[in-house]
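Structure, as structure tokens:
When a ligand or atom number is given, it counts from 1 through the structure's own listing order.
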Amino acid sequence: MSEETKKLPGPRGGLILGSLNEIGPKAHVTWTKWSATYGPIFRVDLGPLGDSVVLSDYNVLKKAFEDNADVFSGRFVLPIVEKAGSHGTLSWEVGEIHEKRTRLTLAVLEKLDLNKLAQNEVEAFCDMLKERQDKSPSTLYEMIHESNMNMALAYTYQRGQRCQYDNEKFRQRMALMDNVSEARRNLIAENVNFFPFLWHIGCSKFRQVHDALRSNINQELSSRDPSIATVQDLMDGYLAKVDGIDFPAKDSIPHIINFIGASLSLKTAIQWLLLLITKHKDVQTKIQNEVTSVFGDEVPTMEGIDKVPYTSATIRETLRIACPAAQVVPHMTRADVKFEGYDIKNGTVVFGNIWGLHHDTKYWEEPETFNPDRFLNSKGKLDNIDEESYVPFGRGKRRCPGEDFSKRVMFLYITSIYQKFGFEEVEGHPLPDVDDGIIHGGRHKPPPYKVKIVPRSDGE
Ligand code: HEM
């Protein structure tokens, strides 16, 4: 067959629904299975949305998202995102405006003292662990959620200030975000992506909670004086047009909602981390010993990040095996392209299967085994190469802008927590496995779990 006539392989879809029924709730697992039959790049019929392309191999994904970034860095704006009025935001914009606003957002984040904020938050989180250590089993899962939400609200529209966990304003804002997230769980809302008319039938609750959240952020926006002297959060940065980058004030509302939503991957990562470390007692003990030998009783700070290779390796291994983002946010081609010998049309939806890359036996020995040591060299040091087939934050122009911040926060949480505590499984509350992960809001989350908080005694 000549290159011109080469057609993308892929499963044959049914008449109306294409392959939608076969994909199931965990698309990343299905992509990985299909990749074994159809190869590193294949076609999937998404029914009403037509044919899409799945990239399920490191070299192919890198070639598309990095080497051909101009073509492959468009976005397929999910109909639910468009209906909710969130499409003109960092995750969904394309081209010049996307580049400009990403630059602006990163410049604003640079101005904020995020290390200090994270450190304060982690300290408060450890105090909460201490308070609740006698209440067994503890809802660690929900506590991580509260803590991360506190931080996200602080750097987006609370002037860099975290709140006490029982603060009324904090609880109200967290509830508004949670309501939006919960409303997406509704079966009808989930299917709006394939059948947009459902928006008018079963999404009134979704619209209501979105409006309530927007109005809360708008209240804050209206109270701000635009002649800002010091940028204290994202909202300030957008109003102050940092680095001379123009940004209409009203656009900051959906941007802030989008940014908080996107940042929740960090919460998911920490929930996976504490779960997997609790499930592997030997890993927990090694982390505790390392943290104690490096920091003693001193508060862990960012300066120590290179001194705890085993802890860092555990963070990397968790992002590999559990994949908080099991696939990239759907990309879309911005031009007709010949890629890997296949003709791909402008406007084709492209999925990047992060899960498939992280569980590829070509690159990972026993990929289903949780083993932080795989990231360490024979001297117990981190191999500081950019690992092949490892892309927890994506690649290329759409690579996660929260990557650096997330790495710092995970380091601070893990070192500070294990300096003082450990966790244990509680009888009657079995801990979930990676395979029990669920997809919600585009993230791969562990189901809720409970643990016993075990304070470390001196010398332990
Ligand atoms: C461990 C935590 C995190 C992981 C694993 C993660 C992973 C990802 C991935 C895989 C993407 C999609 C890349 C693509 O579509 O090609 C993404 C996009 C994004 N992430 Fe993260 N993320 C994390 C934390 C954060 C945080 C804390 C923030 C905000 C402070 C954030 C903000 C964003 C935004 C705004 C986008 C959209 C970027 C764009 O479309 O250009 N993420 N993230």
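Not a single N or O atom of Tyr155, backbone or side chain, sits closer than 3.5 Å to an N or O atom of ligand 1. At least one N or O atom of Arg398, backbone or side chain, sits closer than 3.5 Å to an N or O atom of ligand 1. Taking distance alone, with nitrogen or oxygen atoms compared against 3.5 Å, Val329 approaches ligand 1 more closely than that limit. Considering backbone and side-chain N/O atoms, Arg395 never comes within less than 3.5 Å of an N/O atom of ligand 1. Ligand 1 has an N or O atom lying under 3.5 Å from an N or O atom of Arg75, backbone or side chain.
The ring of Trp355 has its center closer than 6.0 angstrom to the ring center of His444. Aromatic pair His331/Phe351: ring centres not closer than 6.0 Å. The aromatic ring centres of Tyr390 and Tyr58 sit 6.0 Å or more apart. A distance of 6.0 Å or more separates the ring centres of His255 and Phe259.
Using a 4.0 angstrom heavy-atom cutoff, Ile354 counts as in contact with ligand 1. Not a single heavy atom of Arg399 sits closer than 4.0 Å to an atom of ligand 1.
Contact annotation: for Ser91 versus ligand 1, heavy atoms closer than 4.0 Å belong to both the backbone and the side chain. Within the 4.0 Å heavy-atom criterion, the part of Ala269 lying near ligand 1 is the side chain and not the backbone. With a heavy-atom cut-off of 4.0 Å, Glu403 does not touch ligand 1 at all.
Here the CZ atom belonging to Arg398 is positioned 3.5 Å from the NE2 atom belonging to His98, to the nearest 0.5 angstrom.
The nearest heavy-atom contact from the protein to atom 32 (C) of ligand 1 is Ala262 CB, 3.5 Å.
Of the options Ala322, Gly442, Cys400, Pro392, the smallest heavy-atom separation from atom 5 (C) of ligand 1 is shown by Pro392.
Arg162 forms a cation-pi arrangement with Tyr165, by the criterion of a distance under 6.0 Å to the ring centre and an angle within 45° of the ring axis.
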